[in-house]
Amino acid sequence: MIRHPDIRFAATIAARSARVAGVLLVTAAMVTASSLAQNVPVPKPAPKGRDGGAAAGGPAVTGATQAPPNPVIPDPRRNVPSSIFQTFDANQKAQAAKVSAYLSSLSTLVGNFVQVGPDGSKTQGDFYIQKPGKVRFEYDAPSPIDIVADGSSLVVRDRKLATQDVYPLSQTPLRFLLSDRIDLMKDTNVVGVSADDVFVSVTIEEKQALVGTSRLLLMFGAKDGQLKQWTVTDPQGYDTTIAVYNLDSSKKLDPGMFKIDFTNYGPAPG
């Protein structure tokens, strides 16, 4: 059922995995914009666990249910400099260290998300993260899409068509968010660190010989230090942005949520 990596796979992985990160990363290239487009619904509580219980309150939960945020869309004309000689001052290094410590401190994270595709279409849903390497994104109806990573593979599943595309998790930008421990300055190619009164932003760049260059822009709250959104830019320059809210870092998750079904789902056509 799994497509084995080959030249054709390598030529398409970046554009697909970038939008799959948007989740994530993450599906604008694999699903038509019309099937994903929908109005952002009214606010709703953080997702419930598979055991039927609501997500337990934790340090990341502020109390009242938050309204869906308006994602901050990066300027499409931006040009992030890329250099092997990139240097950062003490403040930038300190900001990156805080972000690394925050990401490394998380073991689970659940919440809601709003995704904006390259064409401006909005979708929404729930996400569940269990580190290392596991994530599940469930898109609200009418989208039939689920994204599941089990620690080694990531699948983009279409429940309506009963198909799924399979990718190595190591070849998607998601792995940076799902690593058990991470030092951004040592473990990734950071090309930009900036901070203002609202966000601390870190830009990571990846270059692959057969695919091209992609970027991951992570944005965290300047005051609370929590993850707010990320933007994945594929080698063609298309952005997919995911904003997250109603975050809960204390929920215990059912490992079965991250099991990939390789039996009942076939490879996506094409």
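Keep in mind it's a predicted model, so treat the numbers as computed, not measured.
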Take Phe127 and Asn112 through the side-chain contact (heavy atoms from CB on, under 4.5 Å) test and state the conclusion after the steps. CA-CA 6 Å; Phe127 75 91; Asn112 309 125; 5.9 Å; no
Taking it one step at a time, do Val200 and Val99 satisfy side-chain contact (heavy atoms from CB on, under 4.5 Å)? CA-CA 8 Å; Val200 174; Val99 169; 4.1 Å; yes
For the pair Gln115 and Thr240, evaluate side-chain contact (heavy atoms from CB on, under 4.5 Å) and give the outcome as yes or no after the intermediate values. CA-CA 7 Å; Gln115 175 174 314; Thr240 297; 4.0 Å; yes
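Evaluation of the side chain to side chain donor-acceptor pair (under 3.5 Å) rule for Arg159 yields Asp146 as partners, not counting sequence neighbours. Residues passing the side-chain contact (heavy atoms from CB on, under 4.5 Å) test with Ser100, sequence neighbours excluded: Asp183, Leu184. When the ring-ring contact (aromatic ring centres under 6.0 Å, His included) test is applied to Phe199, no partner is found at least two apart in sequence or on another chain. Contacts of Ser201 classified as side chain to side chain donor-acceptor pair (under 3.5 Å), with partners at least two apart in sequence or in another chain: none. Partners of Ser194 by side chain to side chain donor-acceptor pair (under 3.5 Å), not counting sequence neighbours: none found. With sequence neighbours excluded, the residues forming a salt bridge (charged side-chain N to carboxylate O under 4.0 Å, His left out) with Asp224 are Lys228, listed by chain and number. Under the rule for a side-chain contact (heavy atoms from CB on, under 4.5 Å), the partners of Pro69 that lie at least two apart in sequence or sit in another chain are Val114, Ala243, Tyr245. Under the rule for a side chain to side chain donor-acceptor pair (under 3.5 Å), the partners of Asp261 that lie at least two apart in sequence or sit in another chain are Asn264. Residues passing the side-chain contact (heavy atoms from CB on, under 4.5 Å) test with Ala101: none are found, sequence neighbours excluded. Residues meeting the side-chain contact (heavy atoms from CB on, under 4.5 Å) test with Asp89, sequence neighbours left out: Asn91, Gln92.
Using modelled atom types, one side-chain atom of Asp234 and one backbone atom of Tyr238 make a donor-acceptor pair closer than 3.5 Å. The backbone N or O of Glu205 sits nowhere less than 3.5 Å from a side-chain atom of Arg215 that would complete a donor-acceptor pair. Side-chain atoms of Arg175 do not come within 3.5 Å of backbone N or O of Leu169 as any donor-acceptor pair. At least one donor-acceptor pair closer than 3.5 Å links the side chain of Thr108 to the backbone N or O of Lys251. Side-chain atoms of Lys98 do not come within 3.5 Å of backbone N or O of Gly225 as any donor-acceptor pair. For the pair Lys131 (side chain) and Leu178 (backbone), a donor-acceptor distance under 3.5 Å is absent. Without hydrogens or angle criteria, Gln66 side chain to Asn246 main chain gives a donor-acceptor distance under 3.5 Å.
Proximity of Pro74 to Thr231: side-chain heavy atoms (C-beta onward) are separated by under 4.5 Å at one or more points. Under the 4.5 Å side-chain criterion, counting only non-hydrogen atoms from C-beta, Asp150 is in contact with Ser152. Between Phe137 and Val148 the shortest side-chain heavy-atom distance does not fall below 4.5 Å. Residues Phe176 and Asp187 are not in side-chain contact: their nearest non-hydrogen atoms beyond the backbone lie 4.5 Å or more apart. Proximity of Gln95 to Phe88: side-chain heavy atoms (C-beta onward) are nowhere separated by under 4.5 Å.
The CG atom of Asn189 sits 8.5 Å away from the CD1 atom of Ile204 when rounded to the nearest 0.5 Å. How far CD1 of Ile129 is from OG of Ser107: 11.0 Å, rounded to the nearest 0.5 Å. A distance of 10.0 Å separates CG in Leu154 from CG in Asp165, rounded to the nearest 0.5 Å. The line from CG of Leu106 to CD1 of Ile182 is 12.0 Å long, rounded to the nearest 0.5 Å. From Asp140, atom CG reaches atom CG of Asp126 across 6.0 Å, with rounding to the nearest 0.5 Å. Here Leu227 contributes atom CG and Leu109 contributes atom CG; the two are 7.0 Å apart, rounded to the nearest 0.5 Å.
A continuous path of hydrophobic side-chain contacts links Tyr167 to Val135 [ILVMFWY only; heavy atoms under 4.5 Å]. Connection of Val72 to Trp230 is not established within any shared hydrophobic cluster, with ILVMFWY side chains joined at heavy-atom distances below 4.5 Å, either directly or through further cluster members. Cluster membership for Leu217 and Val244, using ILVMFWY side-chain heavy atoms within less than 4.5 angstrom, is not shared. By the criterion of side-chain heavy atoms lying less than 4.5 angstrom apart, applied directly or through intervening Ile, Leu, Val, Met, Phe, Trp or Tyr residues, Val190 is grouped together with Val232 in one hydrophobic cluster. In the hydrophobic clustering of ILVMFWY residues, with side-chain heavy atoms under 4.5 Å counting as a link, Leu216 and Met219 come out apart.
Nearest heavy atoms, Arg181 versus Ser104: NH1-O, 2.7 Å. A pairwise comparison of heavy atoms in Lys207 and Thr213 identifies CG-OG1, 3.3 Å as the closest pair.
Counting Ile, Leu, Val, Met, Phe, Trp and Tyr side chains that sit under 4.5 Å apart, directly or through other members, Ile73 shares a hydrophobic cluster with Val116.
A ring pair (Phe, Tyr, Trp, His ring centres under 6.0 Å) check over residues 209-228, counting only residues at least two apart or in different chains, returns the pairs Tyr102-Phe220.
Between Asp239 and Thr233, the side chains place a donor N or O and an acceptor N or O closer than 3.5 Å (distance only, hydrogens not considered).
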